[in-house]
Amino acid sequence: MIFLRLAFKSLWNRRLTTSLTILSIALSSALLLSVSRIKRAAEDGFTQTISQTDLIVGARSGPINLLLYSVFNIGSATNNISWETYQHFKAHPAVDWVIPYSLGDGHRGFRVVGTDDSFFEHYRFRGNQSIQLGEGNRLSGLWDVVLGSDVAKTLNYKLGDKIIVAHGVTSGEGVLKHDDKPFVVSGIMKATGTALDRSVYITLQGLEGLHLDWQNGAMPKESERISPEKIHKEEIKVKTITAFFLRSKSRIDTLRLQREINTYLEEPMLAIIPGVTLSELWRGIGYVEQAFQVISWLVVAVGLVAMLVALLTGLNERRREMSILRALGASSSRIVALLVFESGLLTLVGVAFGFFVQLGAFVILQSWLEHEFGLVLQGSSLTSIEAFYLILTFVAGVLIGLVPALRARSMALKDGLSVRV
Amino acid sequence: MSLIELKNIQFSYSNSKKLTLDIPQLKIEKGERVFVYGPSGCGKSTLLEILAGVLTPQLGQVQVLETDLAKLSDQGRDQFRAAHMGYVFQSFNLIPYLNVEENIELPLHLSATRRSRCSDSKAEISQLCRDLGIFELLQRPVTALSIGQQQRVAVARALLGHPELILADEPTSSLDYDHREKFLQTLFQVCQKAQSTVIFVSHDRSLEKIFDRTLSFNEINKVSGL
């Protein structure tokens, strides 16, 4: 008991060094936790960009390519799927629902997605979150467009604004523009924190209608142009789509359906299970987070070294104190225990403080992170792995405390009570 | 049997080849007040540390209170010191972050024997401090004390719980002459009350006249005689 009191009073006596040491450990462990938590949020955000979709189907290419162009708007499709094939699987008895996706055009750096009402109805991300409109309505007219939240925010669009779609490009300003057929903003989606926010959505017919007067991929001459008023949604026949998302009626059907699509004789296609491919892809790009994790561990090491320096410097000043305790009959092992207890206490308080700093910071920054980076902090604020990190830091702190403690002990045993400087 | 008996002690520090102590024999009786004088750095403090069981000689036998210190474990020696000895340094005797009273009562926390001899520790501390003239300082931080006051606090701490042996390592050398005599007289008074044996080492022979027995360190230690 007396040693507890000695430790507390001694630490209090050196409160400036003590608090700086605690601060350095707190900040470094807060960083460690933050990196781990952001990593978790980023991974969740990434792998849950799409959920409840059992299969993503596109023309035959690589699984990652299909995932990238369909979900993340990176790269492009090599081929399309015919409308007949799409209808075939839409009507398949094992299929619950499908969402068609037609890609290829863009608007000022954002891609244009041709889809239909099933997108708003069935698309799910992050578990069971569905697409919500912040303003306006879903797609109804041929020239309606619904904007992802990032698009509306970046380009400062309001309901009723007219936008021009560029042909064939999904990034940057296009050269060929469908400026004869402007779309009208009918709705703006709420932020989802996924790639959905960076797209604009039109009907499949709208996308087809844009290209109605195009011949073999070439822009129509002025005289051959068909004015938008003359095009009616009901008359347009969609010929192809780029990909579709599919939900099977039971999970058991998924693998069978996947095989059926992959071996479909009418058309070469590829069906992937998004979760599997997303995890695969994450493993590929997750190394950035790994690097951050390594750096944050290094920062923890620096924090602990700062403590070691403080303890060792303090030890020199405290040799007299140790001699007094020895003369009073304190055993050398109790002196070791005293010093290890002090460093343990410092790390414990530091780590706990760091945890609360991290917790507080995320409470304050949560909405900003979600808004700016689409990072949604969900799940527990401390996972078992993070608790393990904290315990590891604590153990390291105690072990580091052994260095000055054992040094004090060896000095005490060798030199007796006199301080030889 | 004597309170302290040394036989054929040889001691050297681990980092030097030269012997620091070579004492064929030394006996000190119970209740004696012994003055050991010798020049600085001759090993007087080392002798006290051997008596206290902090250092262990490479050769020879150290018997204190009929206990062979070599036969005790490290921890056993520490416990023995806590129970039976009070130690006073030349200066800086006190833990700086504890107040006077907390410093004085430290031995009671470190030894059950000392605790058991102090049935009413508050009263004992008060009495001891009155005898030493530091009663009004009890709640002060030790950093606010003069050196003379600090040394008296150290004596109070050494004597609390009536240890049999007081080891004093030049406790007066940081005091001026007038204070030295007064300090020693007070020390003897309280030691007599507690019936403690005092071993007092110093390089200052002017103090020897008030001790029962004076030993020249050069005569008991063969190393320094060379």
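Chain naming here is simple, since letters A, B, ... match the order of the sequence lines and numbering starts at 1 in each.
In terms of heavy atoms, S333(A) sits closest to Q75(B) at OG-NE2, 2.8 Å. Nearest heavy atom pair, residue A327(A) against residue F89(B), reads CB-CZ, 3.7 Å. Contact detail for F3(A) and L110(B): the closest heavy-atom pair is CE1-CD2, 3.7 Å. Residues P107(B) and L328(A) approach most closely at CG-CD2, 4.0 Å, considering heavy atoms. Here the closest heavy-atom approach between residue G329(A) and residue A82(B) is recorded as CA-CB, 3.8 Å.
The neighbour count for F211(B) CZ, taken as heavy atoms of other residues, nucleotides or ligands under 6.0 Å away, is above 12. At most 12 non-hydrogen atoms from other residues, nucleotides or ligands lie less than 6.0 angstrom from CD1 of I147(B). Around the NZ atom of K153(A), the shell of radius 6.0 Å holds more than 12 heavy atoms that belong to other residues, nucleotides or ligands. Within a 6.0 Å sphere centred on CZ of R14(A), heavy atoms belonging to other residues, nucleotides or ligands number more than 12. In F188(B), the CZ atom is crowded: over 12 heavy atoms of neighbouring residues, nucleotides or ligands sit closer than 6.0 Å.
Using a 4.5 Å cut-off between heavy atoms, Y97(B) touches chain A through backbone and side chain atoms alike. For chain A, the nearby part of L106(B) is the side chain; its heavy atoms alone come within less than 4.5 Å. For L94(B), the part lying under 4.5 angstrom from a heavy atom of chain A is the backbone only.
Of the charged side-chain nitrogens involved, none lies within less than 4.0 Å of a carboxylate oxygen, so that R334(A) and D78(B) do not count as a salt-bridged pair.
Applying the salt bridge (Lys or Arg N to Asp or Glu O under 4.0 Å) criterion to K71(B), with sequence neighbours excluded, gives D68(B).
Chosen from E102(B), R114(B), Q79(B), the residue pairing most often with chain A at heavy-atom distances under 4.5 Å is E102(B). Interface check for chain A: of the options R77(B), R157(B), R81(B), the most heavy-atom pairs under 4.5 Å are formed by R81(B).
Residues I95(B) and L325(A) form a side-chain contact, since some pair of their non-hydrogen atoms from C-beta on lies under 4.5 Å apart.
Between S331(A) atom OG and D74(B) atom CG the span is 9.0 Å, to the nearest 0.5 Å. Here K9(A) contributes atom NZ and N99(B) contributes atom CG; the two are 6.0 Å apart, rounded to the nearest 0.5 Å.
The backbone N or O of N93(B) lies less than 3.5 Å from no partner atom in the side chain of R320(A), so there is not a single donor-acceptor pair.
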